[in-house]
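Note that the structure is a prediction, hence the values are computed from the model and not measured.
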Amino acid sequence: MASTPASSPLSSRRRQHPGPSRQVKPLEWVWLTLWVLLLTGSGIFCGWALMWLTRIPPLPDCEQVTPFHSASDLLYCAKAQARTGEPNNLVQSVLLTANWPKTNDHYDDSQEILKDASEQILVLANRWAQAGKLEDAVKLAGEIPLNTPLRKPAQSVIFEWRQDWEQGRAIEAQLKPALAVSDWELAKTHLQAFKSLKSDYWLTTRYLYWQRQFQIEKQAWDQLLEARALASTNQIDNLRQAVVLARSLDLRSQVWPAAENDVNLWSKTILDVALQRWQVGDRAGALELASVVPPSPHLAQEAQDLLHLSHAQASARQAEPTGDGLAPRYDHMFALMEAIGAINQLPANSPYAAADLSSVEGWTDQLNDLRQLKFSDMVSRLGQRTTYEWAMHQAQRVEVGRPRRIQGQTLIAQWQANLQRIEDRPILAEARRLARPGTIAALQAAIAKAGEVAQGRALRIEGQTLVAEWQQEIQVIEDRPILDAAVALANEGKLQEAVTEALKIEPTRALYTRAQGLVAEWTASIQIAEDKPILDEAKDLAYAGSLSAAINLASQIAPGRALYNEAQVAIALWKNERAYIWSIWEAEGKPVPGGDSAPAADSEPADSEPAGPE
């Protein structure tokens, strides 16, 4: 601390007389900056060179690869494309590896890839050929280049495919005329010829097709023969059935053109008879006959008018609501529109235009009502209270006596039920919430809440079902202590007291069935405990040779007891054994107790029992 004052003058003098300082020249700053830049650039260049030397070379773009790329790039792309299994990629893989010189270092690798890709091409082409795509298969297999290992096998396979195709088409060319002339035996012979071919396409696909066609043709021909037989009777009802039967023929059959000619001929006869019935006043009979006749431009104008009227009646009948068809449907509306349109097509001077049977006004009323009900039904499907009320209001506008009155009232009843569900669903939801704790008080409150759904309401049955479930839960809670006490007594061995306790549960209670099952189990245990000594003693007597005594003792076990069946089995066995012993005694001339009949125990002398088992 003493030296501090002495040093202060010296330091002050040094600050007052500083030494001369060296100044940096501008040229030195240039050289310094240049060296810093050179060192920084060298570091960046060395880092870039190191990254370039250690980076993974980029994979070649196989979409742009050409034979002028490096061998490694060609092999990589060929292998990658062969791995995809796509037709175009497989062809490209083959082209990239074909015709490599043997002097190439990667020749063996290229040949392996070439063989793999060529095999995949043949497999895929064969799959196409078996699926019936012959030209595509031939084109794909033909992509295998010349001077490659699988070129010859590919050409051989193509030849087999073409040969099979020519044979198959020749068989079809013979089979189709045979079916057309209904030569079934010849058709079967040609059909079996498919089995001599090798291709799965002809063995399965085409064979099954022609087999179905054979069945279609045969069934159609049989139907046509049956229709012709009906028509040959010259009875109008049979002729009508013939037309219906002939029109049901499969349109894919070759018989249909002949059947169509027959139908046209029979239809003219039917329409002639229908016109005669109309003229004599049997309009319903005329329309019924004409309903089976198909439309035809070759009919007379009067017959065509009658046909239109008949079809209008048929269309109107299709619009009648039945069963599940009570809901308004668009097809009913279209049917009515078709019926009205058919009547409107009749000429004004037609005798059928003013026919009362057409009921055009009635169909128009039905169509209007149906449109109104359909729109109301669409609005009601929104499922809201207001939409249901609006739909019911609109449906009520279909007045009494209108064609769709019953349908409208049925829809109103359905919508009222849905509206009641909307109103009462919260009540049942609240009842379920009240019952959730599971106590007697909670369940009773839930029962009271569910009872608010009045009788006749849509959810009344569901509510009463919940009430019954909750009442059973209450009974279970009330009777569970009784059943638990009975089980506890039974576990202590007090079976009779357990039975008495369980019988306190009345027949109408929820646990009655469970209680009765336990009572039956415990009663059986009591009976076994009581009757087991009797049966054991009877068995001991039987083992000692006293069969009659054993039988008499075991007979004390009454029917309905737990061991009754076991006792009866033992008694039957002992009786058979005793009868066998007595038969031996009788053969030896020894006296048999009681003669031929089985004696009672009281009538047998003690010394009559055998020494050993009887």
Can D116 and Q120 be said to form a side chain to side chain donor-acceptor pair (under 3.5 Å), step by step? CA-CA 6 Å; D116 177 60; Q120 291 189 58; 3.0 Å; yes

Is the side chain of D164 donor-acceptor paired with the backbone N or O of K198 at a distance under 3.5 Å, no angle test? yes

Kindly give the heavy-atom pair with the smallest separation between L124 and P87, and that separation in Å. CD2-CG, 3.4 Å

Nearest 0.5 Å, please: how far is NZ in K218 from OG in S253? 13.5 Å

Indicate yes or no for a side-chain donor-acceptor contact from T465 to the backbone of I461 under 3.5 Å, with no hydrogens or angles considered. yes

Count the heavy atoms belonging to other residues, nucleotides or ligands that lie under 6.0 Å from NZ of K374, then report whether that count exceeds 12. yes

Quick test of your reading of the model: are E462 and R432 salt-bridged, counting only N-O distances below 4.0 Å? yes

About how many Å separate CG of L90 and CD of E143, when rounded to the nearest 0.5 Å? 11.0 Å

Shortest non-hydrogen pair, T97 vs Q111, comes out as O-NE2, 4.0 Å

Side chains of N418 and Q414, donor plus acceptor under 3.5 Å: no

Does a side chain donor of either Q155 or K152 reach within less than 3.5 Å of an acceptor in the other side chain? no

Parallel, tilted or perpendicular for Y201 and W165, by the 30°/60° rule? parallel

With no hydrogens and no angle check, do the side chains of Q223 and S248 hold a donor and an acceptor under 3.5 Å apart? yes

Under a plain distance cut-off of 3.5 Å, with no hydrogens placed, do R397 and Q394 share a side-chain donor-acceptor pair? yes

Do S376 and L411 have side chains that approach each other closer than 4.5 Å (heavy atoms only, starting at C-beta)? no

Is it possible for you to check whether R206 lies under 6.0 Å from the centre of the six-membered ring of Y209, through NZ or CZ, and within 45° of that ring's axis? yes

Does R385 reach the main-chain N or O of L419 with its side chain, forming a donor-acceptor pair under 3.5 Å? no

Do Q211 and Q215 have side-chain N/O donor and acceptor atoms under 3.5 Å apart? no

Has the side chain of T233 got a donor or acceptor atom that lies under 3.5 Å from a matching backbone atom of A229? no

pair R381-D377: side-chain heavy atoms closer than 4.5 Å: yes

Quick one, L191 with Y207, criterion side chain to side chain contact (heavy atoms under 4.5 Å, CB included). Give me CA distance, side-chain angles, the key distance, then yes/no. CA-CA 7 Å; L191 193 60; Y207 174 79; 3.7 Å; yes

I'd like to know if E217 and R252 make a salt bridge, using a cut-off of under 4.0 Å between side-chain N and carboxylate O. no

Of all heavy-atom pairs between L175 and A187, which one has the smallest distance, and what is that distance? CD1-O, 3.3 Å

Under the side chain to side chain contact (heavy atoms under 4.5 Å, CB included) rule, what do F194 and Q167 come out as? Steps first, then yes or no, please. CA-CA 9 Å; F194 281 115; Q167 295 177 6; over 6 Å; no

Please evaluate residues Q219 and D250 with respect to the criterion side chain to side chain contact (heavy atoms under 4.5 Å, CB included), reporting the C-alpha separation (whole Å), side-chain torsions for both, the decisive distance (0.1 Å), and the verdict. CA-CA 9 Å; Q219 182 179 3; D250 197 319; over 6 Å; no

Would you check, one step at a time, whether the test side chain to side chain contact (heavy atoms under 4.5 Å, CB included) holds for E172 with H190? CA-CA 8 Å; E172 287 184 336; H190 292 316; over 6 Å; no

Check whether any side-chain heavy atom of I406 lies under 4.5 Å from a side-chain heavy atom of Q409, and answer yes or no. no

Does L230 reach the side chain of L239, with side-chain heavy atoms less than 4.5 Å apart? no

Would you call Q81 and V91 a side-chain contact if the rule is heavy atoms closer than 4.5 Å? no

More than 12 non-hydrogen atoms from neighbouring residues, nucleotides or ligands closer than 6.0 Å to CD on Q396, yes or no? yes

Does T148 use its side chain to pair, donor to acceptor, with the backbone of I144 at less than 3.5 Å? no

Counting the benzene-type ring for Trp, do W390 and F375 have ring centres under 6.0 Å apart? yes

Here the gap from D200 atom CG to R127 atom CZ, rounded to the nearest 0.5 Å, amounts to 12.5 Å

Hydrogens and angles aside, do W415 and S380 bring a side-chain donor and acceptor to less than 3.5 Å of each other? yes

Quick check: closest heavy atoms across L75 and H106, and the distance to 0.1 Å? CD1-CB, 3.4 Å

Do V94 and P145 make a side-chain contact, defined as non-hydrogen atoms from C-beta onward lying under 4.5 Å apart? yes

Would you name the heavy atoms of A141 and W161 that are closest together and state the gap between them? CB-CZ3, 4.2 Å

Looking only at side-chain N and O atoms, does N238 offer a donor or acceptor that is under 3.5 Å from a partner on Q235? yes

Determine the minimum heavy-atom distance between A458 and Q420, stating which atoms define it. N-OE1, 2.8 Å

Roughly how far apart are L114 CG and Y107 OH, rounded to 0.5 Å? 8.5 Å

Supply the atom-to-atom distance W266 CH2 to N261 CG, rounded to the nearest 0.5 angstrom. 10.5 Å

Under 3.5 Å, is there a donor on one side chain and an acceptor on the other for Q130 and S199? yes

From W210 atom CH2 to I171 atom CD1, the distance as rounded to the nearest 0.5 Å: 11.5 Å

